[in-house]
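Just below is one structure, and these are the notes that go with it.
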Amino acid sequence: MKRIYLSPPHMCGEEMKFIQQAFDTNWIAPLGANVDAFETELAPIAGRKFGAALSAGTHAIHLSLKLLNVGAGDFVFCSSLTFSGSCNAIVYEKAIPVFIDSDESWNMSPYALKKAFKHFAERKTLPKAVIIVDLYGQSADYDALLAICAEYNVPVIEDAAEALGANYKGKPCGSFGELAILSFNGNKIITTSGGGMLLSNNEEQIQKAKFWATQARDSAPYYQHSEIGYNYRLSNISAGIGRGQLLCLKERVAQKKAIFNNYCKGFSDINAIKMMYSPQHCDSTYWLSVMTVCEKSSVKPSDIIDKLGKMNIEARHIWKPMHLQPVFKDAMFFSSFDGKTKESFAESFFNNGVCLPSATTMTSSEQQLIIDAVKDMFYV
Ligand SMILES: *Cc1c(COP(=O)(O)O)cnc(C)c1O
């Protein structure tokens, strides 16, 4: 049997047309018409006026931190339950990450965020920025989270890498906070074979990001630099893939949602399995279908992942929380729980969670095979 991947690229069929245009005009590089069009086509889908197409979502986080003047010794709050791409750039700038727990929704806990702000305010300091992640395609609770950040006047970066096409109370993900980022890595809801975008309603911010992303070249008749730059722009070929992919975005989100609903239906009679909780007002992309196994169950996430692995099917553990990563072992962490307990929602999701195969290229009989294989483990 051919391998079923977790979330592989799924081409739309229109990508080659845009790539061909690039070849026909010899705009292989630098930048070009596909890059400009990809930015203008995508930004409004995410509820923004402007976008800068970049070579990775991680680079978009990096430039958004720079736009908010994050530098050496500054604190930046970030969701703990996420991929390291959300927070690595904090360290690129020699700033200090502080990790915030999730709540039942898997996303950042307003309660833990409030606790972190109080802790810092009492010490007469505040973070320079807060990075809020929309996990597995589901929007965070922005009404609550943005209100807390506004109270302390600290800007927010929305990490919508997994959430292009999602909504929160009818507003698109990517539209929250001062800046937002997207990723077009190969496993995301749409891909450019690798890439990302920085989003803002402020044209100056986007111009500045593009300046940094093209080696910070001053306007001079020769190469002159007054600042350190980066080589972070997306290629015109990759942007062509992205333009083709955008034509299928709605369809992909619908397919991901159908996959999630099939799992819900399939596992509805297994009490030990709970699919990721999605609050009413969140219209998720269901980028990955995620479940937890009851803590008391003798079946563990690693058993499920191993069994599917032997069937040549890829399932994975939940993101290991950042505050549990060896590289961030010294970072501060604010839990949703009070007292000295080490307990946290992030850790419990990690211990009990499984990312199920969520490939839109998967057939319904392949998904049924997965559902049956998992259910089998719970009937003794
Ligand atoms: C994928 C991802 C990123 C990083 O994107 P890259 O394009 O791979 O650099 C950042 N944050 C989250 C939550 C992601 O899932």
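Order of appearance sets the numbers: ligands from 1, and atoms from 1 within every ligand.
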Within the protein, residues bringing a heavy atom under 4.0 Å of ligand 1, chain by chain:
A56, G57, T58, T82, F83, G85, S86, V133, D159, A161, E162, S183, N185, K188, G195
Please report whether the ring centroid of F77 lies less than 6.0 Å from that of F117.
yes
Shortest non-hydrogen contact from M362 toward I370:
SD-CD1, 3.7 Å
With F333 as partner, the option from I100, D101, L324, V98 fulfilling side-chain contact (heavy atoms from CB on, under 4.5 Å) is D101
Which pairs with one or both residues in residues 6-51 pass ring pair (Phe, Tyr, Trp, His ring centres under 6.0 Å), sequence neighbours excluded?
F38-F184
Main-chain N/O of P321 paired with S80 side-chain donor or acceptor, under 3.5 Å
no
Taking the two cysteines C78 and C87, do their sulfur (SG) atoms come closer than 2.5 angstrom to each other?
no
